[in-house]
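Okay, structure first, notes after.
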Amino acid sequence: MRLLIVGVGALGGVIGARLLARGVSVALATRDASSAAGLKAAGLHVTGVGGEVAARGVDVRALGDWPQSAFDLVVLATKADDALSIAPRCVELLAPGGTLLPIQNGAVAQVLARQHSRVVLGGLSNLGATMMAPGRYEQRNAGHILMGELAGGMTERATQIASFLNLGIETRTTANMNGAIWSKLLLNCTVTTLGAVAGTTMRGYITHPEGRALFDRTYDETLSVAFASGVRPERMLVDPIPPLDRDAWIDRILAAYGDLRPSMHQDFERGRPTEIEFINGYVAKLGLELGVLAPLNAAIADTVRAISRGESKPSLENLARILRG
Ligand SMILES: NC(=O)C1=CN([C@@H]2O[C@H](COP(=O)(O)OP(=O)(O)OC[C@H]3O[C@@H](n4cnc5c(N)ncnc54)[C@H](OP(=O)(O)O)[C@@H]3O)[C@@H](O)[C@H]2O)C=CC1
Ligand SMILES: CC(C)(CO)C(=O)C(=O)O
């Protein structure tokens with residue numbers, strides 16, 4: 001299988017390096033020729049969970065420099081906005097019958113599938129990684145890539161692609177990919193975004209009454225939109241549907257994600273665009289289309305946009321303000 005990884009940041013770098021270390025042939029695409037030259041010189045080096053691996057002399061070019069129809073699989077590992085803008089170019093790079101596998105947080109695969117339904121397979125990452133410098137990455141957990149057909153069910157292409165990626169990186173399939181993407185979305189709409197607007201981790205805000213109230217109400221609102229869209233969220237690390245013993249369920253979420261610094265908070269600090277339009281922004285918009293109002297998701301998205309514009313700062317007070325409406 002001829003594989004191209006587009007976006008050699010935290011996730012793309014770890015996936016590429018682990019496949020190369022197992023002798024799998026991997027082509028890489030960066031934004032431009034100068035980052036490709038830098039990466040060619042640096043090679044890929046991964047430390048952390050899963051062990052240290054290094055790859056020299058990597059096959060890397062700028063995205064625009066790869067020939068058309070050259071790949072059977074393109075793993076799209078950029079942030080969401082970039083994924084949307086370069087998806088048409090990625091589709092051109094696919095040979096007939098090829099597959100585009102986006103692995104962003106949020107509803108990127110669903111949005112891409114509206115334009116490129118023929119080729120898009122749903123994907124997400126339960127693997128956590130950080131890029132220290134171009135070519136230098138740290139794997140933060142023992143997570144895996146999850147993939148499957150957005151229309152549901154299992155196909156031969158999904159099984160074949162998973163077996164291929166499994167040569168270097170743990171990859172699982174699900175017959176309920178939409179449900180899995182929504183399960184992650186439920187957590188990103190709450191754990192990630194509330195932590196980002198509060199400027200802390202989930203453990204840092206959930207002990208405040210407003211933090212707990214906003215978490216509960218936002219989670220339930222997001223779940224209503226998921227159900228209205230016909231999705232049945234899939235169990236992943238925690239049960240996606242809160243059981244009667246909600247406190248014990250919150251403790252399980254805290255154990256898995258409570259101490260992680262939200263990626264969106266890092267986006268604020270680095271002045272980078274966030275993925276909010278594919279997280280709470282997506283849920284608010286879809287809720288409107290489906291006639292299920294999602295005012296908390298809309299208010300959270302507005303707060304994130306205001307912080308990105310420099311009109312507000314992350315703080316615990318944002319949570320109380322969003323709750324007041
Ligand atoms: N890191 C993690 O632990 C996890 C990440 N995710 C999701 O995975 C996605 C990727 O995240 P992450 O790896 O952290 O992001 P990074 O920002 O570390 O990596 C994205 C990479 O894509 C590159 N890129 C941007 N535009 C292009 C382009 N036009 N052509 C080629 N490359 C391009 C960027 O290059 P440049 O620097 O030039 O912009 C950067 O190297 C996000 O949606 C994130 O939400 C999901 C779960 C965990
Ligand atoms: C792990 C988690 C849920 C933490 O917020 C996340 O996905 C993120 O920050 O992007």
Side-chain angles (χ1 to χ4, degrees), residues 4-16 27-36 38-39 42 44 48-49 60-66 74-90 93 101-109 111-112 123-141 143-146 181 183-198 200-205 215 236-238 253-254 256-268 270-279:
L4 176 71
I5 298 178
V6 178
V8 198
L11 275 190
V14 169
I15 296 168
L28 303 168
T30 54
R31 189 192 286 277
D32 52 37
S34 84
S35 12
L39 208 57
L44 304 182
V49 179
V60 54
R61 298 184 197 175
L63 182 62
D65 291 344
W66 284 105
V74 171
V75 173
L76 186 45
T78 64
K79 292 276 200 174
D81 278 342
D82 292 317
L84 244 67
S85 61
I86 63 177
R89 168 71 186 140
C90 293
L93 296 175
L101 177 64
I103 54 170
Q104 288 69 28
N105 273 341
V108 174
V111 174
L112 284 178
L124 63 78
S125 174
N126 278 322
L127 187 142
T130 307
M131 181 172 91
M132 280 86 75
R136 299 283 173 273
Y137 314 95
E138 185 180 354
Q139 186 172 330
R140 307 297 295 272
N141 66 6
H144 58 271
I145 303 295
L146 186 65
I181 290 177
S183 292
K184 182 123 200 244
L185 194 50
L186 281 157
L187 294 170
N188 286 136
C189 283
T190 49
V191 177
T192 308
T193 319
L194 296 183
V197 300
T200 180
T201 60
M202 177 181 175
R203 207 179 289 283
Y205 69 75
F215 180 95
M236 295 209 288
L237 262 186
V238 288
I253 299 179
L254 277 170
Y257 302 110
D259 301 307
L260 298 176
R261 201 154 148 260
S263 54
M264 199 181 282
H265 193 228
Q266 296 172 44
D267 292 338
F268 288 152
R270 292 178 192 168
R272 299 199 311 187
T274 71
E275 297 183 309
I276 192 66
E277 304 311 334
F278 303 87
I279 304 177

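First listed ligand is number 1; within each ligand, the first listed atom is number 1.
Residue contacts with ligand 1, taken as heavy atom pairs separated by less than 4.0 Å, involve V8 solely via the backbone atoms N, CA, C and O. Within the 4.0 Å heavy-atom criterion, the part of I103 lying near ligand 1 is the backbone and not the side chain. Contacts with ligand 1 closer than 4.0 Å are made by no heavy atom of T130, backbone or side chain. Of all the heavy atoms of T78, the ones lying under 4.0 Å from any atom of ligand 1 are found in both the backbone and the side chain. When non-hydrogen atoms are compared, ligand 1 lies under 4.0 Å from neither the backbone nor the side chain of S263. Residue-level proximity to ligand 2 for L260 is carried by the side chain, the only part with a heavy atom below 4.0 angstrom.
To the nearest 0.5 angstrom, E275 atom CD is 8.5 Å from N188 atom CG.
Looking at ligand 2, you won't find any N or O of R261 less than 3.5 Å from one of its N or O atoms. Of the N or O atoms in L63, none lie within a sub-3.5 Å distance of an N or O in ligand 1. For the pair S263 and ligand 2, the shortest N or O to N or O distance falls below 3.5 Å. Looking at K79 next to ligand 1, no N or O pair under 3.5 Å apart turns up. Residue G12 has no nitrogen or oxygen atom sitting less than 3.5 Å from a nitrogen or oxygen atom of ligand 1, judged on distance alone. Annotation: S125 places no N or O atom under 3.5 Å from an N or O atom of ligand 1; distance criterion only.
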I would like to know whether T193 and T274 meet side-chain contact (heavy atoms from CB on, under 4.5 Å); could you show each step before the answer? CA-CA 10 Å; T193 319; T274 71; over 6 Å; no
Could you walk me through whether F215 and V191 pass the side-chain contact (heavy atoms from CB on, under 4.5 Å) test, one step at a time? CA-CA 8 Å; F215 180 95; V191 177; 4.1 Å; yes
Stepwise side-chain contact (heavy atoms from CB on, under 4.5 Å) test for L187 and L237: CA-CA 11 Å; L187 294 170; L237 262 186; over 6 Å; no
Let me see the working for N126 and K184 under side-chain contact (heavy atoms from CB on, under 4.5 Å), right down to the final yes or no. CA-CA 9 Å; N126 278 322; K184 182 123 200 244; 4.3 Å; yes
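Under a 4.0 Å criterion applied to the non-hydrogen atoms of Q104, ligand 1 contributes the atoms 43 (O). Which parts of ligand 1 touch A77 is read off a 4.0 Å heavy-atom cut-off, strictly below it: atoms 10 (C), 20 (C). Every atom of ligand 2 with a heavy atom of P262 under 4.0 Å away is listed here by number and element: 5 (O), 9 (O). In summary, the atoms of ligand 1 found under 4.0 Å from a heavy atom of A29, numbered by their order in the structure, are 31 (C), 32 (N). Listed by number with element, the atoms of ligand 1 under 4.0 Å from a non-hydrogen atom of R272 are 17 (O). For ligand 2 and Y257, the ligand atoms under 4.0 Å from any heavy atom of the residue are 1 (C), 3 (C). For ligand 1 and D82, the ligand atoms under 4.0 Å from any heavy atom of the residue are 25 (C), 26 (N). Residue contact check: G128 has heavy atoms under 4.0 Å from atoms 3 (O) of ligand 1. Taking every non-hydrogen atom of N105 and a distance limit under 4.0 Å, the qualifying atoms of ligand 2 come out as 7 (O), 10 (O).
Between the side chain of Y137 and the backbone N or O of G135, at least one donor-acceptor pair lies under 3.5 Å. Proximity of a side-chain donor or acceptor of Q104 to a complementary backbone N or O of T78 within less than 3.5 Å is detected.
There is a protein heavy atom less than 4.0 angstrom from atom 33 (C) of ligand 1.
Of all the heavy atoms in A29 and V8, the pair that sits closest is O-CG2, 3.8 Å.
Residue contact annotation: L127 has a non-hydrogen atom under 4.0 Å from ligand 1. Under the 4.0 angstrom criterion for non-hydrogen atoms, S35 is not in contact with ligand 1. At least one heavy atom of K184 sits closer than 4.0 Å to an atom of ligand 1. For the ligand labelled ligand 1, residue R140 lies outside the 4.0 Å heavy-atom shell.
The shortest side-chain heavy-atom distance between N105 and L124 does not fall under the 4.5 Å cut-off. Side-chain contact between F278 and D81 is present, with heavy atoms from C-beta onward closer than 4.5 Å.
Of all protein heavy atoms, the one lying nearest to atom 1 (N) of ligand 1 is A129 O, 3.0 Å. For atom 23 (C) of ligand 1, the nearest non-hydrogen atom of the protein is G7 CA, 3.8 Å. Distance from atom 14 (O) of ligand 1 to its nearest protein heavy atom, with residue and atom name: A10 CB, 3.6 Å. In terms of protein heavy-atom proximity, atom 7 (O) of ligand 2 is nearest to N188 ND2, 3.1 Å. With respect to atom 30 (N) of ligand 1, the closest heavy atom belonging to the protein is R31 CA, 3.5 Å. Closest to atom 46 (C) of ligand 1, if we only count protein heavy atoms, is N105 OD1, 3.3 Å. Looking from atom 19 (O) of ligand 1 to the surrounding protein, the closest heavy atom is G9 CA, 3.2 Å. Nearest to atom 44 (C) of ligand 1 among the protein's heavy atoms is E275 OE1, 3.7 Å. Protein heavy atom in closest approach to atom 2 (C) of ligand 2: T192 OG1, 3.7 Å.
For atom 29 (N) of ligand 1, the nearest non-hydrogen atom from the set I86, L28, L11, I5 belongs to I86.
Atom CZ of R140 has 12 or fewer heavy atoms from other residues, nucleotides or ligands within 6.0 Å.
Considering V74, I103, L28 in turn, L28 is the only one that fulfils the side-chain contact (heavy atoms from CB on, under 4.5 Å) rule with I5.
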